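This report refers to the structure that appears directly beneath it.
We number each residue from 1, following the sequence as shown. Because the structure is predicted, anything quoted here is derived from the model rather than measured.
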Amino acid sequence: MPNPTILRTSLLALLCGTLLGACAATPAGPREDAPPLATIATLDLPRYMGTWYEIAKYPNRFQKHCAGDTRAQYSLQPGGGVQVINRCRRADGSLDEAVGSARQLGDDTSPRLQVRFAPRWLSFLPFVWGNYWVVDLAPDYQLAAVSEPKREYLWILSRTATVPPAAYAALLERLAYQGFDLSKLTLTAQGQ
């Protein structure tokens, strides 16, 4: 039987190397004239729970295998925290699923969260957590935009698989005002 200490050390070294390599290949940042990223004022976390369909995103390395039908399911966990289940359809028609956890930063109305998809036993490491900032949210909690402080990632999410064109255009205008490069957005195919 392999030595568990050696296995853990090897896995940790592999994870660190992978994360360092991923950091070196991060996408370009925001427009040079962009102000610091602002979030929404408050978030009613229980109301935010449920299914969100990905309408558009900045392309990223961890979703490169997704061809469409991308959605996230958020659910509150006993004792705090949020379970995150991300699903998408691959080009070959198979489904891909990633299960993670999220935690709210600050008070219970903070729109700043962190998400991790690394194993729970690695959750003490700060670099396994990624920022998940709600930067725009419709008053009826039907349309949202999520990013992180450097604006390297952006997701537009909706409670439905399609968004009325006027609502989408208004959201894009607000995101442009926030300093996002809208030319980097790619639409996500959603089946009916």
Side-chain angles (χ1 to χ4, degrees), residues 30 35-60 62-63 66 68-89 95-118 120 123 126 128-180 182 185-191:
L37 184 60
T39 63
I40 62 171
T42 62
L43 177 68
D44 179 349
L45 192 60
R47 189 172 176 199
Y48 193 77
M49 298 296 98
T51 301
W52 289 91
Y53 294 85
E54 181 184 277
I55 302 303
K57 69 174 178 304
Y58 280 180
N60 58 70
F62 43 88
Q63 284 184 284
C66 293
D69 296 327
T70 305
R71 64 197 66 185
Q73 176 72 38
Y74 305 124
S75 53
L76 290 174
Q77 296 299 291
V82 175
Q83 180 184 51
V84 179
I85 302 175
N86 289 342
R87 292 184 180 100
C88 72
R89 181 184 37 79
L95 294 178
D96 189 43
E97 181 177 279
V99 178
S101 296
R103 61 186 182 192
Q104 205 166 16
L105 301 177
D107 65 34
D108 63 358
T109 64
S110 174
R112 295 179 182 188
L113 292 93
Q114 288 185 324
V115 179
R116 74 164 166 78
F117 290 93
R120 177 182 234 172
S123 64
V128 302
W129 293 93
N131 287 310
Y132 179 110
W133 288 14
V134 181
V135 298
D136 197 281
L137 182 62
D140 62 1
Y141 279 57
Q142 295 301 299
L143 185 62
V146 175
S147 188
E148 44 68 49
K150 295 181 181 179
R151 295 181 183 84
E152 292 174 345
Y153 302 98
L154 175 63
W155 291 270
I156 295 176
L157 307 173
S158 173
R159 294 293 191 175
T160 57
T162 59
V163 176
Y168 186 71
L171 173 59
L172 292 181
E173 188 175 313
R174 292 189 301 273
L175 292 173
Y177 182 78
Q178 279 260 49
F180 287 96
L182 301 182
L185 274 175
T186 60
L187 295 174
T188 302
Q190 292 288 350

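The shortest side-chain heavy-atom distance between Phe180 and Leu185 does not fall under the 4.5 Å cut-off. Inter-residue side-chain proximity for Leu113 and Leu43 is flagged as met; some heavy-atom pair is nearer than 4.5 Å. Two residues are said to be in side-chain contact when any heavy atoms from C-beta on lie closer than 4.5 Å; Val82 and Leu76 meet this criterion. Residues Leu157 and Glu54 meet the side-chain proximity criterion, which asks for heavy atoms closer than 4.5 Å. Two residues are said to be in side-chain contact when any heavy atoms from C-beta on lie closer than 4.5 Å; Trp155 and Thr70 fail this criterion. Looking at Gln190 and Thr162, their side chains never come closer than 4.5 Å, going by heavy atoms from C-beta outward. The shortest side-chain heavy-atom distance between Ile156 and Tyr168 falls under the 4.5 Å cut-off.
Atom CD of Gln114 is separated from atom CD of Gln104 by 11.5 Å, given to the nearest 0.5 angstrom. Note that CZ of Arg159 and CD of Gln142 are 6.5 Å apart. Values are rounded to the nearest 0.5 Å. Distance check, rounded to the nearest 0.5 Å: CE of Met49 to CD of Gln83 gives 11.0 Å. To the nearest 0.5 Å, atom CG of residue Asp108 and atom CG of residue Asp44 are 9.0 Å apart. Rounded to the nearest 0.5 angstrom, Asn131 CG and Thr39 OG1 are separated by 11.5 Å. Distance CZ/Arg112 to CD1/Ile40: 11.0 Å, rounded to 0.5 Å.
The ring pair (Phe, Tyr, Trp, His ring centres under 6.0 Å) test applied to Tyr58 returns no partner, not counting sequence neighbours. Residues satisfying the ring pair (Phe, Tyr, Trp, His ring centres under 6.0 Å) criterion with Tyr141, sequence neighbours excluded, are absent altogether. The salt bridge (Lys or Arg N to Asp or Glu O under 4.0 Å) check on Arg87 picks up Glu97, with sequence neighbours excluded.
The backbone N or O of Leu154 lies less than 3.5 Å from no partner atom in the side chain of Ser147, so there is not a single donor-acceptor pair. Side chain of Arg151 to main chain of Gln178: a donor-acceptor pair is present (N/O by atom type, distance under 3.5 Å, no hydrogens or angles). Proximity of a side-chain donor or acceptor of Glu148 to a complementary backbone N or O of Trp133 within less than 3.5 Å is not detected. Using a distance-only test at 3.5 Å, with no hydrogens or angles considered, a donor-acceptor pair links the side chain of Asp69 to the main chain of Gly191.
Val84 approaches Ser101 most closely through the heavy-atom pair CG2-C, 4.2 Å. Nearest heavy-atom pair across Val115 and Ala102 is CG2-CB, 3.9 Å. Taking each heavy atom of Leu143 and Ala167 in turn, the nearest pair found is CD2-O, 3.9 Å.
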Quiz item: How far apart are the C-alpha atoms of Asn86 and Phe117, what are their side-chain angles, what is the distance that settles it, and do they pass the side chain to side chain contact (heavy atoms under 4.5 Å, CB included) test?
Solution: CA-CA 10 Å; Asn86 289 342; Phe117 290 93; 3.3 Å; yes

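By the 30° and 60° cut-offs, the orientation of the rings of Tyr48 relative to Tyr74 is parallel.
By the neighbour-count criterion of 12 heavy atoms within 6.0 Å, atom CD of Glu173 is sparsely surrounded, having that number or fewer from other residues, nucleotides or ligands.
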